[in-house]
Every structure is written in structure tokens, then in C-alpha cells.
Amino acid sequence: AGLLLAVVLLAGKRTARNDLYRTADRVSQQDRDTFGLTLRAFIATAWMAAAWPFIFGFFAYQLTRLPMPHIFTQAISSGLTAVATILLPVSFFYHVFAAEGLGQAHLQWPVTVLRTFRKNLRWFIPCMVTFGFFISSMKIAKKFEYSDALAIAALILLSLSAVVFLARVFYPGGAVATNLATHRPKSWTFRLRYAWFVIMLSVPLFQIVLAASGYFYSALELRQLIRTTVLLAVALVLLRALGNKWLAIVHRKLILKRALQEPATAAQADGVAHAAVSSDGGSGDGLQPLPIPEESVEKIGIQSRNILNSLIVIIGAVWLWMVWEPIFPALGILESVQLWSYSATVDGAVQRIPVDLADLLLAILLVVVTFMASRNLPGFLEITVFNAIPMDFGARHALVIISRYVIIAAGVMTFFSVVGLKWSTVQWLVAALSVGLGFGLQEVVANFISGIIVLFERPFRVGDAVTIGDTTGIVSRIRIRATTIIDFDRKELIVPNKDFITGKLINWSLSDKLFRVRVPVGIAYGSDTGTAEKLLLKAARLNPLVVREPEPTAIFTGFGDNALNFELRVFVNGLEHWYPMLHRMNRTIDQEFRNAGITIAFPQRDVHLDTTGPLEVKVVSGDPVSLNSSEGSAAPEK
């Protein structure tokens, strides 16, 4: 069965390579690129790299199953196991660095860097395999003459080959440094290139010194630690690259989705902004439509990458600590520095639990992680959750805010738990503070509780048009203490959350954005009321901001003091259409009535004179100036 699987792996290498080329061709077309293609390329690369490591490992396993194996057989088995262990990761990355491979086609790594690694891996892989085989074999075959000398010589030669490999790949004038100078010239990695180049070369040189000085076991342990660290670093680099690839694809889909939504939003915004603009330059006054998300698409991508990078750094730091801490006892000094202790009940007995420096550093790390998670949560949720689940913007915003509060609360409670501040020790202090805060900060607490109610009950959402008191506008941001509303003048009004809970709130778009607008019109007495009704309905039909269903209606409401009163009732889709529609509607009505000869009524007053007695009438002629000067001496004529 093992031989059959080995044949399948070897025979399938050509198929895997062809599939790798096909995925590379599809990835080059952005409209066809998906993360599934990258996963296919990853599997194809692993398939091509697994054949020979499996064969060596399979024969090593078969040798261990022999009855009463000879020491030489055990040494060969140990060497083949070491070969398989070394060959699997380096062979995988050798294929990752190939032309049109995973690194170039999918992860967009620089071609010059990939060529440099692949060129030097061609000779370094045989060195690692050969010397690794001798080192592992000679550790088992200790009864053979010169076994230790062969193992030491193999380790020295392996370290020398590592020095040559690192010098050819990472020297300051090479492809890696040149790429850093091109893309990240101000980064500390590029600025300190000479320092880390010397450090990288000094590590295998230090192994050579240890092995030549007789500390062969220490050199072997250091080699194992370095190999584990290098594999960890390379794995994290690959994981970060794959994560950035997935984020880039999702980010591109999000941009495309927003771009497809923009024509409708732009048309709506254009209708709002220009519906009332006529040929003579008139303009309307209205709210612009606002579902402009609080987190832009670019900000979403930055937040997602921040979370990915933070996870990579945390995983790497924890893993390195776990690998190196047993070797260097000095790293455990943090646990020996006791800061304080607290009482806790363990198995029914009260014990003193110490809090050391390591616990304090862990608590500080938790605070940092909590801060970063709460800060970058919106973009991460947008990429991972909201992009896959149909959800309106208001629900997304509420979920983000609530999740942020949950993360902060969990982080604070975990911090207190790690440093030993249990609830039983601070409950009286919390109770006393609660009473004091209840009196001194009751308005802040009321707004806080109201903010929680608003997020859960959702009487309004981000993007809703609301009226609270004498303030009308569109909700742009909901915070824990106050809500921001943008009014008709584009002013940002900060309204405390308590006003929304205790006051009268009008939400113009809670369940339906459609609402009715009444346009009163008065015409002069004697006008044709039938024609006026038809013209009003015509003006409603000509207005693009008036919805067709429900239909507009024109009602003759009664006989006024100065006019025949009509009322045109129309429906508009959103508060932002109110004033632009009203502007155009009034202009259309005025124009249509002028063309039809219908007069818009205006207030009139009748003056009645008292005719019971004689009326004194003065008839004056002449220059008004001279008349004014001689008005006092002129005798009236009756």
C-alpha cells in the first residue's frame, strides 16, 4: 500500500504541475480570481513536494518494523527519518518559489527574490539532506568508530553551507535588500539590514564554534531550536501572505459590490441635488442621502490587515516563548518575581495565590489585544461576517457597537482576573462607587443606558431620517452617550441618547420611507375649479420625485376668505426628497396656472366708507412740491 501511494504521488506530480499552471493563468485575470484557486495551488504545491519525503519516511518506517533490527539498520532508519523531515518543508518552499508557482502567481512575491531563493535552494537542499542524514545516523550508531567525528564534521559542514546560503541570499546588495529598498525604503528592516545580516551569519558560525569546541550536544540542541524557529517564521510569513490574499479578494469583491450599488445611489443623489434646478439656475434645499458607511472600504481593508498582522505577531511571540523558554532558564525569571498575592478558595480551602511579573505582563498584553480588537473590529466583521450575510447597514452598525462593548467588557474582566482583583474583594468598593456615580453622573449613566436600549431596540438606525424636538436630519453615528444627526444645513448635531428614549421621536424611515406631502394652493374666485384640479394632477405627474403609487390626489377643500382652497397630496420616497420636490412642484403649478389664465389668489380687503353724513372731498392741482410748501395756507374747495 505504501509503495502504491508512492507511485501515485510520483505520477501525480505532472498533473499537479499542470493544474498549478492553469490556476496561475486564471488568477492573472482579476474577474476570475478566487481564494479557492489559491487553495488549489497550495494543495498542488504540497502534492509535488510530498512524493520524495513520503518515500524516505516510508522506508524508514519499514526498517523500524524489522524484527530485532541491527544498530546499523536503526541508524539508517533514523537518517532516513531526518531526511524526510528536512525534505518536506524545504521541498514545499522550493516549489512555492517556482515560476508561475504559488509565490509568484498567487501571493505576488517579487520574481527576483523568488529566483534567488530557488537558485540557492538547488544546492542547499542536497547539503541539508546529506549532512542531516549523517548527523541523525551517527547519533544512533555510537558503536561505530569515528561516529562522533563524522557527526561533528557533518554538523560543521552543514553550518558552513548555511552560512554560504544566507550570505548569497541576504547580503545587503542582493535581491532581498534591493526589493526592500524599492518598496519599503523607510522601514527598520531595510535600515538595519547590515545588523540583521551579521546576526544571521553569526548563528551558524556559533554552531561551528560549539561543535569544534566539544559542545556537540549543545550545538545539536541549538540547531534544532534554530530549525524550529526558522520553520515557524517561514510558516507565519506564508500564513500572512495567504491571509492578505484572501483579504485582497474579499476587499475587491466589496469594492465591486459598492461600485454596483453606486449608480442607483448616485442617481438618487443627483435627483435630490438637481431635481429643483431649472434652466434659470434655481436650486433646491434638501438632505443628501446618507448611507455612507462610517467605515469606508479602504478603512475596512486596513482594519482587517491590522487584525491579521496582530494575530500573526501574537502567535509568533507565544510560540517562540514556548520553544526557547525551556532552554534558557533566565526567561523564566518573570515567574520568580512575585508582586502581590490574593486569597482564593481552591477545593474548599482558602489559599494565597501569588501574582508574579509574568502575570502582570500577560494582563498588559490582554489590554493591548482588547484595544486592538475593539478598534479594528468593524473592518474584520465587514470582511468575515457582513459580506456573507445579508444585513442592512443599521443592523451591521448595531452589531459592531455591541460586539465592541462585549470585547471591552471581556478584556476588562479577564485583566482583573489575571491580576487577582476578584469580585468578592471589590464588590463593596463598586457598590460605594455606584451610589456616588448614581448621584453625580446620573445624566451620563442615563445616556449610557439609553444608548444600550437604542442599540437593542433599534427605534432608529444609521441612515434613518428622524425628527427629535425641533431637530430634523439623518442619523450618521450612534455612540454610547449621544447620537449624531446631520440636518438640512449639513450641521452635525449631537443629541443625548436619553432624549430619544424619553422624548417624542419621529422616524420618517423606520419601516417605510414613503410619506405624504401636502401642497396647499389657493385660486381666485371665479376661476375654473375643474381645470385647476387637472393642472394640479398634471404637475404631480410631471414631477420625477413624486411616486406613482399611491396616486396623487387634488382636493377642493373649501371656500376661503380670499380664495378657492385646493390641496395637492403627493407621496415621496424619503425625507431628502421633500424640499426638492416641493420646489419643483410649486414652479410647475405656477407655470401651468399662468398658461391657463388661472390666478393664484392673494389676500384682499374691502374698505367701506360711512355715508350717513357729508363726505369732505379735496381736489388739489399743481406742482406737488409747491403744494406741499403752501399746503398750510391753501383754502380747501368743497
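In this text, all values refer to a predicted model and were calculated from it rather than measured experimentally.
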**Student:** Would you say L3 and F58 make side-chain contact, with heavy atoms under 4.5 Å?
**Tutor:**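 A side-chain contact exists here, since the closest heavy-atom pair is under 4.5 Å.
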**Student:** Measure the spacing between CD1 of I55 and CG of L9 and express it to the nearest 0.5 Å.
**Tutor:**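 Going from CD1 on I55 over to CG on L9, the span is 7.5 Å.
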**Student:** Which atoms form the tightest heavy-atom contact between A82 and G132, and what is the distance?
**Tutor:**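 Heavy-atom minimum between the residues: CB-O, 4.0 Å.
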**Student:** Any idea which heavy atoms bring F35 and L242 closest together, and the distance?
**Tutor:**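 F35 and L242 have their closest heavy atoms at CE1-O, 3.4 Å.
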**Student:** Heavy-atom distance under 4.5 Å between the side chains of W47 and T15, does that happen here?
**Tutor:**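 Contact flag for W47/T15 side chains = no.
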**Student:** State yes or no: are the ring centers of F170 and F165 separated by less than 6.0 Å?
**Tutor:**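 No, the ring of F170 stays outside the 6.0 Å limit from the ring of F165, centre to centre.
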**Student:** Would you give the length of the straight line joining atom OG of S136 to atom CD1 of I76, rounded to the nearest 0.5 angstrom?
**Tutor:**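 Spacing of OG (S136) from CD1 (I76) equals 10.0 Å.
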**Student:** Could you give the distance from CG (L192) to CZ (F197), rounded to the nearest 0.5 Å?
**Tutor:**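 Separation between the atoms: 14.5 Å.
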**Student:** Please walk me through it: do L180 and R193 pass side chain to side chain contact (heavy atoms under 4.5 Å, CB included)?
**Tutor:** CA-CA 9 Å; L180 287 175; R193 59 190 182 279; 5.8 Å; no
**Student:** Taking CH2 in W109 as the centre, count heavy atoms belonging to other residues, nucleotides or ligands within less than 6.0 Å. Is the count above 12?
**Tutor:**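 Count over threshold, so yes.
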**Student:** Roughly how far, to the nearest 0.5 Å, is the OG1 atom of T112 from the CZ atom of F117?
**Tutor:**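 Taking CZ in F117 and OG1 in T112, the distance rounds to 10.5 Å.
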**Student:** How long is the straight-line distance from CD of Q207 back to OG of S202, given to the nearest 0.5 Å?
**Tutor:**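 Going from the OG atom of S202 to the CD atom of Q207 covers 10.5 Å.
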**Student:** Shortest non-hydrogen contact from A105 to V27?
**Tutor:**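 Scanning both residues completely, I find the closest heavy atoms to be O-CG1, 3.3 Å.
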**Student:** Just how far is it from atom CZ of R240 to atom CG of L107, taken to the nearest 0.5 Å?
**Tutor:**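 Rounded to the nearest 0.5 Å, the CZ-CG separation comes to 11.5 Å.
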**Student:** Take atom CZ in F133; do more than 12 heavy atoms of anything else shown fall under 6.0 Å from it?
**Tutor:**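 Yes, the 6.0 Å shell around CZ holds more than 12 heavy atoms from other groups.
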**Student:** Is it true that, when you exclude R118 itself, more than 12 heavy atoms of the residues, nucleotides or ligands shown sit nearer than 6.0 Å to its CZ?
**Tutor:**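 More than 12 heavy atoms, drawn from other residues, nucleotides or ligands, come within 6.0 Å of this atom.
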**Student:** Would you say the side-chain atoms of N18 pair up with the backbone N or O of R14, donor to acceptor, closer than 3.5 Å?
**Tutor:**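 Checked: pair present.
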**Student:** Tell me if the CZ atom of R184 is crowded by more than 12 foreign heavy atoms within 6.0 Å.
**Tutor:**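 Result for CZ/R184: open.
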**Student:** If we only count heavy atoms from C-beta on, is the R168 to W123 side-chain gap below 4.5 Å?
**Tutor:**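 Side chain of R168 against side chain of W123, heavy atoms only: contact under 4.5 Å found.
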**Student:** Say whether, by atom type as modelled, one donor and one acceptor occur between the side chain of S77 and the main chain of T73 under 3.5 angstrom.
**Tutor:**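 A pair under 3.5 Å: no.
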**Student:** Is it true that atom CZ of R122 has more than 12 heavy atoms of other residues, nucleotides or ligands lying nearer than 6.0 Å?
**Tutor:**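 Buried by this count: over 12 neighbours within 6.0 Å.
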**Student:** Any side-chain to backbone donor/acceptor pair from T23 onto L20? Under 3.5 Å, distance only.
**Tutor:**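 Answer holds: yes.
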**Student:** Give the intermediate values and the outcome of side chain to side chain contact (heavy atoms under 4.5 Å, CB included) for residues T116 and V176.
**Tutor:** CA-CA 8 Å; T116 301; V176 175; 5.8 Å; no
**Student:** Determine whether R26 and R40 make a side-chain contact, defined as any pair of heavy atoms from C-beta on separated by less than 4.5 Å.
**Tutor:**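 R26 vs R40: side chains touch.
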**Student:** Could you check whether R22 pairs with D25 (Lys NZ or Arg NE/NH1/NH2 to Asp/Glu carboxylate O, under 4.0 Å)?
**Tutor:**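 Looking at D25 together with R22, the answer is no, because their closest N to O distance does not fall below 4.0 Å.
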**Student:** Report yes or no: does S213 contribute a side-chain atom to a donor-acceptor pair with the main-chain N or O of V209 at less than 3.5 Å?
**Tutor:**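 Yes.
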**Student:** Kindly state whether the ring of F42 and the ring of F92 have centres lying under 6.0 angstrom apart.
**Tutor:**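 F42 vs F92: aromatic centres under 6.0 Å.
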**Student:** Locate the shortest heavy-atom distance separating L160 from I208; write the atom from each residue and the value.
**Tutor:**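 Answer, listing the atom of L160 first, then I208: CD2-CD1, 3.4 Å.
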**Student:** Evaluate the side-chain proximity of I86 to R227: yes if any heavy-atom separation is below 4.5 Å, no if none is.
**Tutor:**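 In short, these two side chains touch, coming nearer than 4.5 Å.
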**Student:** Please find the pair of heavy atoms, one from A154 and one from I135, that lie closest to each other, and give the distance.
**Tutor:**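 So the two residues come closest at CB-CG1, 3.6 Å.
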**Student:** Decide yes or no for T229 and W319: does some side-chain heavy atom of the first lie under 4.5 Å from some side-chain heavy atom of the second?
**Tutor:**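 No, every pair of side-chain atoms sits at 4.5 Å or beyond.
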**Student:** Can you establish whether the number of heavy atoms outside F134 located under 6.0 Å from its atom CZ is more than 12?
**Tutor:**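 Check fails, neighbour count at 12 or below.
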**Student:** Hey, are the side chains of E100 and Y21 touching, using non-hydrogen atoms and a 4.5 Å cut-off?
**Tutor:**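 Yes, side chains in contact.
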**Student:** For the residue pair V90 and V129, establish whether any side-chain heavy-atom pair is separated by less than 4.5 Å.
**Tutor:**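 SC-SC contact between V90 and V129 ruled out.
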**Student:** If every non-hydrogen atom of I152 is compared with every non-hydrogen atom of A211, which pair is closest and at what distance?
**Tutor:**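 Closest approach of I152 to A211, heavy atoms only: CG2-O, 3.8 Å.
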**Student:** Just by distance, do the side chain of T370 and the backbone of I408 share a donor-acceptor pair under 3.5 Å?
**Tutor:**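 Not at all, since once roles are kept as given, no pair shorter than 3.5 Å links the two residues.
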